[in-house]
Amino acid sequence: MDHNFALYKTMLLIRRFEERLLSEFSTGKLVGTTHAYIGQEADAAGIFSVTEPEDVVFSNHRCHGHFLAYGGEPYRLAAELMGRATGLVGGRGGSQHIHWRNFYSNGIQGGIVPVATGMALAEKVRATGKITLVFIGDGTLGEGALYESLNIAALWKLHILFVLEDNRHAQTTPVEKGVAGSMSGRFAAFGIPVWERDTTDVLDIRSAADETVRAVRSGAGPASLILHTYRFSAHSKGDDPRSPEELVRIRQFDPLTVHGARLTAEECTKAESEVDAVINDAFVRADADPFPVLGNQVRR
Amino acid sequence: MDHNFALYKTMLLIRRFEERLLSEFSTGKLVGTTHAYIGQEADAAGIFSVTEPEDVVFSNHRCHGHFLAYGGEPYRLAAELMGRATGLVGGRGGSQHIHWRNFYSNGIQGGIVPVATGMALAEKVRATGKITLVFIGDGTLGEGALYESLNIAALWKLHILFVLEDNRHAQTTPVEKGVAGSMSGRFAAFGIPVWERDTTDVLDIRSAADETVRAVRSGAGPASLILHTYRFSAHSKGDDPRSPEELVRIRQFDPLTVHGARLTAEECTKAESEVDAVINDAFVRADADPFPVLGNQVRR
Amino acid sequence: MPTVLDRLNLALHYAMETDERVTMLGEDILDPYGGAFKVTRGLSTKFPKRVLTTPISEAAIVGVANGMALRGLRPVVEIMFGDFVTLIADQLVNHSSKFRWMYNDQVRVPVVVRTPMGGRRGYGPTHSQSLEKLFLGVPGLKVVAPNALGDPAELLAAAIADDDPVLFVEHKLLYARPLLEPGKGDLIDFQVEQTGGAYPAFTLRPADSARLTIACYGYNFELARAAALDLLMEHEIFVEIVLFSQLSPFDLAPLFSSLVRTRKLLTVEEGTLSLGWGAEVAARAVERMDGLRVRRVAALDLPVANAKSLEDAILPSVQDIVNAALSLVS
Amino acid sequence: MPTVLDRLNLALHYAMETDERVTMLGEDILDPYGGAFKVTRGLSTKFPKRVLTTPISEAAIVGVANGMALRGLRPVVEIMFGDFVTLIADQLVNHSSKFRWMYNDQVRVPVVVRTPMGGRRGYGPTHSQSLEKLFLGVPGLKVVAPNALGDPAELLAAAIADDDPVLFVEHKLLYARPLLEPGKGDLIDFQVEQTGGAYPAFTLRPADSARLTIACYGYNFELARAAALDLLMEHEIFVEIVLFSQLSPFDLAPLFSSLVRTRKLLTVEEGTLSLGWGAEVAARAVERMDGLRVRRVAALDLPVANAKSLEDAILPSVQDIVNAALSLVS
Ligand SMILES: Cc1ncc(C[n+]2csc(CCOP(=O)(O)OP(=O)(O)O)c2C)c(N)n1
Ligand SMILES: Cc1ncc(C[n+]2csc(CCOP(=O)(O)OP(=O)(O)O)c2C)c(N)n1
Ligand SMILES: [Mg+2]
Ligand SMILES: [Mg+2]
């Protein structure tokens, strides 16, 4: 099926992009840091398969997957990560700080949530029909700005969807050490309806996302979508304190395997080769691009 | 009954103190601003009738009632408010920024909540058996620092009681415009048990407070006490945008009337004259005290 | 003459009337209250949909404004007391001011955050500070302060029209002040030159040649004039005053012109001394011109006490300015 | 030689061993990870009860530490990246630093907030800043920064022993640096004088009489030394360096002593120029001494970009210091 193939391909694109990225660090082509989306691909693929191209998205430090599923060009992202003038934001932002069309990201946990809330307000005032999505992780439930925003979004009935990707860890901190009480209760307390799924099956996620996106677009007010998932790679480039057993155990939930079972072997190979070509082109092209230079802007 | 008399007298002390204070502003003896506790006296009187003298208290901008019910001396408070060297903090703090024994206050909404949480942690670590109480208003539910603290207090099972005095307004903002969803849900989301009362009867409040204080002292973790009440005077010295009808309507819940019905006329008169003497002495004495001078501390 | 408050209020009315993207956000800003200092009075009655009273959530309010600005609106936020800017520091430093440059100039963030600063009203340590200095020099953020000489209405209008974020710092004691008129009152002996663009500076030149230059902004212009009068009357010392509306980025050209004449700089501000506005002013001045003499007058490096006797001792006085001026010319 | 990281880690171990009031708080500080920069490594294994890994709640963590300190403990907080100090501004400015004075000296707030600052690692605009300047001059708060010359262990121990709140600013690039030894390596030609108490300053005097004084702190001492070497080798210019550990309150006596000799001041820091540390240093120096010449080297007033080509252009380089020095002595 076309639509199963498309979902698979999106997930594969994210997977291969992130893998390539991590490997480029060892070649020294990349500096700084990055947060790979590997393991969580079904979230982004599912959600962006039911949003509109003009919807507004605020993403966080783990934004590559969101960006690619949003429809962003791998080449422009690769160029940004390699610090090239042709990158999404000319090399100024890097991995965590990107912007393209209606997609934005920033590297401060929680700080993006009120910003996204304000975007939703603007779209509502301007009656554009666009909804706003903002992505947070389980760890970001620690930040106060989130709750200030939930309150405001609910009071003003803003068309915003809070997507909580619970990959069960914040950097090295397991949710038991970071999150008291219940995740859904955090939204419900503000009168914000909650859709919650514990799955890496992109079709389940897609259908939950479809319901929440519809609810928000209907104008009823904000909604939240809690997706319990797994991160397969380390938090960033650093070490991963999880046990090897755990890393093996969670691989059974690989969204590519789960959804791949719905595709024929030919479809999988086709996806693989198409994605490979795109990724390779992206990184090779980006690598040939010039580095940015600073204009003569400010006195020294 | 002795204990009914004591509760009444505490409430009356607060009432008369605040009235005297407000009147002193017109005589020009006081400058700056103040937030009167008039109407809410049953909260403080009820709660502090079941705490231990050594328990730790962090209060907010509306702290005079809490301080007097805690056992604080009216004279030292009056001196502080009149900017005298003999004031609780030598005139440095004024109305919102006081400290005496284990009682503290500060004027930043929400900012005191993590501080109180840390105090509870210290008492737990030092195994003193003291519990910590922190006071917030309905409007303070807007501040993110509160939720960060609830999460931490719950995760670490701290012996802290969050007292929420919902006087249905934050300055001029009615709760409908400031608080989405449910107040109790805000605590429940973090797994913090909630006691909630909508009453100005000091005996009801006392019994609810007794349960929560016991729960916290038992070491089970934090608890919350939500008291829906009324503020009779303006938010601070400024204008009060509430309608005259509303102001009349809410006076029917006057905690002095409600509880006063349990006392004999003689008891009421006795309380009145004892309190009058204390208040008068406090303000007269304070008024004769010297103004503070700045030591030669810092270069100009 | 209208007061500074009248003019600020008028500017907000005018902005909302002429630009429907302009939206107000803040705590308790609805009529009849109209904000803790009444600057937003009348707005919610006229524009009920575009005046949003908010929960007590300073960080989120500024965050929301950032988002609105990124998506085409022109939010104006009121932070009830300037002491609470500590709560919006992350939004101002890591969001508002960064987006434009960080996103390679592809966005604009036309946010105005207005807030009353300053003491001398007995409000105590958390309601009396002058904390604007925390945000001076933050790349991408402008800090602007009205005064009683330039028109606060034009200044605020310019801030709202600005495509970049502006922190607009209103001293509480200015609100009730009537606007000054050049050539009238204690301005009679000064020639007033206006320079700069949307956020102008004013140079006050006395009749005779001045022996020092006082640099100041906002309410402290009132103290500076009183000091100048005293210096003239009691000590026959003529003073130039350079009054800034734009505090950051630092654009000190008019000051440098004055210093060429006087070669003595006295900065005056109400915030605490260390790393206040005057520090950067002084540093730039001496980097540019050798042989300057410099003094700064500011609050003592202490919290602002509640008791008047302490508050008066902590905040800078006219006499402090006079003394510093005398030591400078001695 | 041990590295700066080794020494900081040792100081934490020692403090926890010798004073049971000392408690660690921070994000991801438990073993085996031991903190994003490994400064807390080993602590949670040895002191499992007194090392508390926290949720991602910077404001609350510092608030909690304030409360602990008020009630008799000695908390040490790690903020994972210095860029997030914007989130703790309210706790530092309106709580930690105010309590003691505001409560009439009846309490103490022995809190240490440690945080890594600085760029040159390609972490981009929200993970590379030097934001310590936001807190320089805040009354009641000390700001201290280790360097590779003084012993970082002693410095951190002093901060933990301090009865007042201390913001302890660690430059990321210092962690891996081995401690310097006076008389060895590029220090060979300098005589090193240590002055001050718990947070000492170091004056490096060259063999011959110096023509300017470089004031700096933290990692920038590395750049300053490289510049000094270049100035000597390429231009035969001797330089004194005054290296500070205590950034605020500003106690500049050793600098003034040096300036009496050189009368030329060059400040070096990595934060953005405007209203950085150097501004107050320059202002105090010129208030005290007439006729000084002054230059400052700092980052451009821009966010720190991710791409290396941009980051290098934005942050100050050895060459920038050399150029400024040359312009100063010209
Ligand atoms: C305000 C702030 N604090 C801390 C960090 C450092 N940090 C980056 S990602 C991260 C963990 C986030 O966990 P979570 O929200 O669960 O997202 P995940 O990384 O698991 O996707 C932390 C602590 C940050 N970027 N911003
Ligand atoms: C951070 C902060 N924001 C705003 C204020 C100004 N302010 C003081 S009291 C108050 C209303 C508080 O309402 P609530 O929490 O309901 O307490 P109440 O005054 O009703 O007792 C406001 C907005 C403040 N002191 N601190
Ligand atoms: Mg996570
Ligand atoms: Mg209230």
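All heavy atoms count here, side chains included; hydrogens, waters and symmetry mates do not.
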Greatest number of heavy atom pairs closer than 4.5 Å to chain C - which of Pro303(D), Gly137(D), Ser327(D): Pro303(D)

Most chain C-contacting option - heavy-atom pairs closer than 4.5 Å, from Ala285(D), Ala89(D), Ser97(D): Ala89(D)

For the OG atom of Ser248(C) and the CG atom of Asp301(D), what is their distance to the nearest 0.5 Å? 7.5 Å

Would you mind checking which part of Leu131(C) comes under 4.5 Å of any heavy atom in chain D, side chain (CB onward), backbone (N, CA, C, O), both or neither? side chain

Looking only at heavy atoms and a cut-off of under 4.5 Å, which of Asp90(C), Thr272(C), Leu136(C), Val85(C) has the most pairs with chain D? Asp90(C)

Matching residue for Glu287(C) among Arg296(D), Arg295(D), Arg293(D) - test: side-chain hydrogen bond (donor to acceptor under 3.5 Å, both in side chains): Arg296(D)

With a 3.5 Å cut-off and no angle check, do the side chains of Asn94(D) and Thr86(C) form a donor-acceptor pair? yes

Quick check: closest heavy atoms across Ile314(D) and Trp101(C), and the distance to 0.1 Å? CD1-CH2, 3.7 Å

Just checking Arg288(C): does its CZ atom have more than 12 heavy atoms from other residues, nucleotides or ligands closer to it than 6.0 angstrom? no

Max heavy-atom pairs within cutoff under 4.5 Å with chain C, candidates Lys98(D), Met102(D), Lys133(D), goes to Lys98(D)

Most contacts with chain D, counted as non-hydrogen pairs under 4.5 angstrom, among Gly271(C), Pro249(C), Ala279(C), Gly276(C): Ala279(C)

Heavy-atom pairs under 4.5 Å with chain D: which of Val286(C), Asp290(C), Ile88(C) has the most? Asp290(C)

So for Gln91(C), is it side chain, backbone, both, or neither that comes closer than 4.5 Å to the heavy atoms of chain D? neither

Segment of Ala282(C) engaging chain D (4.5 angstrom heavy-atom cut-off): side chain

Taking every non-hydrogen atom, the tightest pair across Leu273(D) and Glu280(C): O-OE1, 3.8 Å

